[in-house]
A.B. asks: 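Can you read through this structure? Questions will come right after.
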There are 2 protein chains.
Amino acid sequence: MNLDFDINQFMEDFSKNCNKVQVKKFNKGEVITNYIQKRNQFCMLMEGSADLVRYDYNGNKTIIEHFTKGNAFGEIFYTINTNNEFFVEAKKLSKVLFFKYDDIKTMCSKNCTFHRSLEEKLPEIILNKVIDLNTRIELLTKRTIRDKLLGYFSTLSTRTFSKTITLEMSLTNLADYLSVDRSAMMRELRDLKEEGFIKKVGDKIVLLHK
Amino acid sequence: MNLDFDINQFMEDFSKNCNKVQVKKFNKGEVITNYIQKRNQFCMLMEGSADLVRYDYNGNKTIIEHFTKGNAFGEIFYTINTNNEFFVEAKKLSKVLFFKYDDIKTMCSKNCTFHRSLEEKLPEIILNKVIDLNTRIELLTKRTIRDKLLGYFSTLSTRTFSKTITLEMSLTNLADYLSVDRSAMMRELRDLKEEGFIKKVGDKIVLLHK
DNA sequence: ACAAAATAGTTGCAAATGCAACAAAAACTT
DNA sequence: AAGTTTTTGTTGCATTTGCAACTATTTTGT
């Protein structure tokens, strides 16, 4: 199996070849889309990064997902059960590709490159998302803050083939991503340093003996 | 969009029409598959129910996913980062459809019903899984045992359009599913009863004023 | 029908986590 | 370059959760 086709090239081609696809840019902090109604919306991040954020009734913020180049998101993937607030927020200047899921199959038998190609790649794209979500579930099911941190570091380390990792987000956001209290996480991070599991070098973290 | 095509009929047809598909039965407690190597394995549950289970280094059990009729699972969806033990265990007498993901595209241009149909349905099947996983993440990111319980009940309630719900698993397993300590969960369950959020009637739970 | 196993239910106590509040440092703005 | 905002880092204390251990009840297997 090959999940590693060139998703970037793919998105470039799409955005140029089909009039059912929209491309929009968003500045840091802007809301890309919110999850309220079922609009069949399917989005892909072409540039930048973004978070799917939830605020619960207590004002607790949770980063449900973190998206980087090539990731898919949108209401098509989500069923909202609660009345909490959900939205996707750009963390950097971002370029996003929008289309309706229904459009993939219902139109363009007239050989639009976009449609043929998307239909072919769709399983791979969604499968990538499944793998990301499973990785996330593995993290969230860890019982302690320590295990969540080490699990997160280990995922980054595996992804980049390096024991020296660069966090993709601020520590404040990491706490929201791991769904734990920030100060408790900071405490754990200090302990991990003191006990020699990790080392901080500038803005990077080095994983020591496991 | 229609995610609700007849997945059962679909699986029946497959199991009869293609020699690359295997169907096996498993008794309660038997291991259906384990997640160790990358074998491109794609499975679908035709009958029964099953759990994807992880045991960590402390012997803590976590139910990573719970599968019922129509759900897809298998290594194709999963990247194991840890050296923990992962396997799928039948919870009832179950019938499982097995095939290799690669087989979907690489063979049978000779019009095998299975292949044409599977290629068409694949995005929907995987999309269903994404939605399940997102629902699961929403639960796991809730901060307290109370919120996890209420969230779980609420999901079941929405699914069955009823305030009276039947748990899909034992309370012991529910604790493993919510990734919390069983006795702490029982305590919370008692408090929810005492505070009038829920009521137990036989093996059913009734959700009262929210 | 009986024994064995699994599940439900409970409790005291220890440990982990969350909350609130603050100071220092770093990163953005204009 | 100065002011503002965000992030990092820390602490004391309250609350929640986990752990261990045990009994009662229900389910399962033979």
Side-chain angles (χ1 to χ4, degrees), chain A residues 27-30 51 53 56-63 89-93 139-151 166-195 198-205, chain B residues 27-30 49 51 53 56-63 89-93 139-150 166-195 198-205:
Chain A
N27 289 314
K28 179 176 173 174
E30 286 184 325
D51 289 341
V53 174
D56 71 15
Y57 56 90
N58 276 322
N60 278 323
K61 177 185 174 187
T62 303
I63 298 177
E89 185 189 358
K91 303 307 288 180
K92 296 179 187 170
L93 176 66
L139 262 193
L140 289 171
T141 49
K142 299 207 185 278
R143 303 303 175 92
T144 60
I145 294 182
R146 168 168 298 215
D147 281 349
K148 285 180 186 175
L149 279 170
L150 290 176
T166 309
L167 299 183
E168 315 180 284
M169 53 182 96
S170 72
L171 294 174
T172 304
N173 280 335
L174 182 57
D176 293 335
Y177 184 73
L178 300 180
S179 204
V180 298
D181 181 71
R182 189 186 62 87
S183 70
M185 190 192 82
M186 295 299 287
R187 193 160 36 203
E188 205 57 49
L189 217 41
R190 170 168 46 70
D191 293 350
L192 282 171
K193 266 182 268 180
E194 281 175 13
E195 293 172 37
I198 60 169
K199 202 170 68 180
K200 275 197 96 172
V201 181
D203 64 338
K204 296 192 192 318
I205 288 174
Chain B
N27 289 314
K28 179 176 173 172
E30 286 184 326
S49 67
D51 289 341
V53 174
D56 71 16
Y57 55 91
N58 276 322
N60 278 323
K61 177 184 172 187
T62 303
I63 298 177
E89 184 189 358
K91 304 307 287 179
K92 297 179 186 169
L93 176 66
L139 263 193
L140 289 171
T141 49
K142 299 208 186 279
R143 303 302 174 95
T144 60
I145 295 181
R146 167 167 298 213
D147 281 350
K148 285 179 186 177
L149 280 171
L150 290 177
T166 309
L167 298 182
E168 318 180 281
M169 52 181 96
S170 71
L171 293 174
T172 303
N173 280 336
L174 182 57
D176 293 335
Y177 184 73
L178 300 180
S179 203
V180 298
D181 181 71
R182 188 186 62 87
S183 70
M185 191 192 80
M186 295 299 287
R187 193 160 35 203
E188 204 58 47
L189 217 43
R190 170 169 46 71
D191 293 350
L192 281 171
K193 267 183 267 180
E194 281 176 10
E195 293 171 37
I198 60 170
K199 201 170 69 181
K200 276 196 96 172
V201 181
D203 65 337
K204 297 192 191 319
I205 287 174

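As the structure is a computational prediction, the values presented were derived from the model and not from experiment. As a basis for the values below, the full set of heavy atoms in this structure was taken, side chains included, without hydrogen atoms, waters or symmetry mates. Proteins get letters first, then strands, A, B, ... in listed order; numbering begins at 1 in each.
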A.B. asks: Donor-acceptor pair, distance only, cut-off 3.5 Å: does the side chain of B/Asn58 make one with the backbone of B/Asn60?
C.D. replies: no
A.B. asks: Taking heavy atoms of chain A and a 4.0 Å limit, find me the 5'-most and 3'-most nucleotide of DNA chain D within that range.
C.D. replies: D/dT7 to D/dG12
A.B. asks: Quick one: side-chain contact (heavy atoms from CB on, under 4.5 Å) partners of A/Asp147, sequence neighbours excluded?
C.D. replies: A/Lys142, A/Thr144, B/Tyr57
A.B. asks: C/dG18 C1' sits how many Å from B/Arg146 CZ, rounded?
C.D. replies: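 These atoms are roughly 16 Å apart.
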A.B. asks: Which atom names give the shortest non-hydrogen contact between A/Asp181 and A/Ala175, and what distance separates them?
C.D. replies: C-CB, 4.4 Å
A.B. asks: When the distance from CD of B/Glu188 to C1' of C/dT17 is rounded to whole Å, what number comes out?
C.D. replies: 15 Å
A.B. asks: Scan side-chain atoms only and decide if B/Asn27 and B/Lys92 contain a donor-acceptor pair under the 3.5 Å cut-off.
C.D. replies: no
A.B. asks: Is it the case that the side chain of A/Glu195 and the backbone of A/Leu192 share a donor-acceptor pair, with hydrogens and angles ignored and the cut-off at 3.5 Å?
C.D. replies: no
A.B. asks: For B/Asp181 and C/dT11, give me the distance from atom CG to atom P, rounded to whole Å.
C.D. replies: 15 Å
A.B. asks: Determine, for nucleotides 2-9 of chain C in 5'-to-3' order, which nucleotides have protein heavy atoms under 4.0 Å from the base (write B), from only the sugar-phosphate (write S), or from neither (write -).
C.D. replies: -----SBB
A.B. asks: Just checking A/Ser183: base, sugar-phosphate only, or nothing, at a heavy-atom cut-off of under 4.0 Å?
C.D. replies: base
A.B. asks: Can you confirm whether A/Asp176 sits close enough to A/Asp51 that some side-chain heavy atom of one is under 4.5 Å from a side-chain heavy atom of the other?
C.D. replies: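 No, every pair of side-chain atoms sits at 4.5 Å or beyond.
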A.B. asks: Are B/Glu188 and B/Val180 packed together at the side-chain level, in the sense that at least one heavy-atom pair is separated by less than 4.5 angstrom?
C.D. replies: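 SC-SC contact between B/Glu188 and B/Val180 ruled out.
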A.B. asks: To the nearest Å, how far apart are A/Arg187 CZ and C/dT17 C1'?
C.D. replies: 7 Å
A.B. asks: In whole angstrom, give the distance that lies between atom CE of B/Met185 and atom P of C/dT11.
C.D. replies: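 Answer to the nearest Å: 16 Å.
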A.B. asks: Is there a side-chain contact between A/Ser179 and B/Leu140 (heavy atoms, below 4.5 Å)?
C.D. replies: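 Answer no - side chains too far apart.
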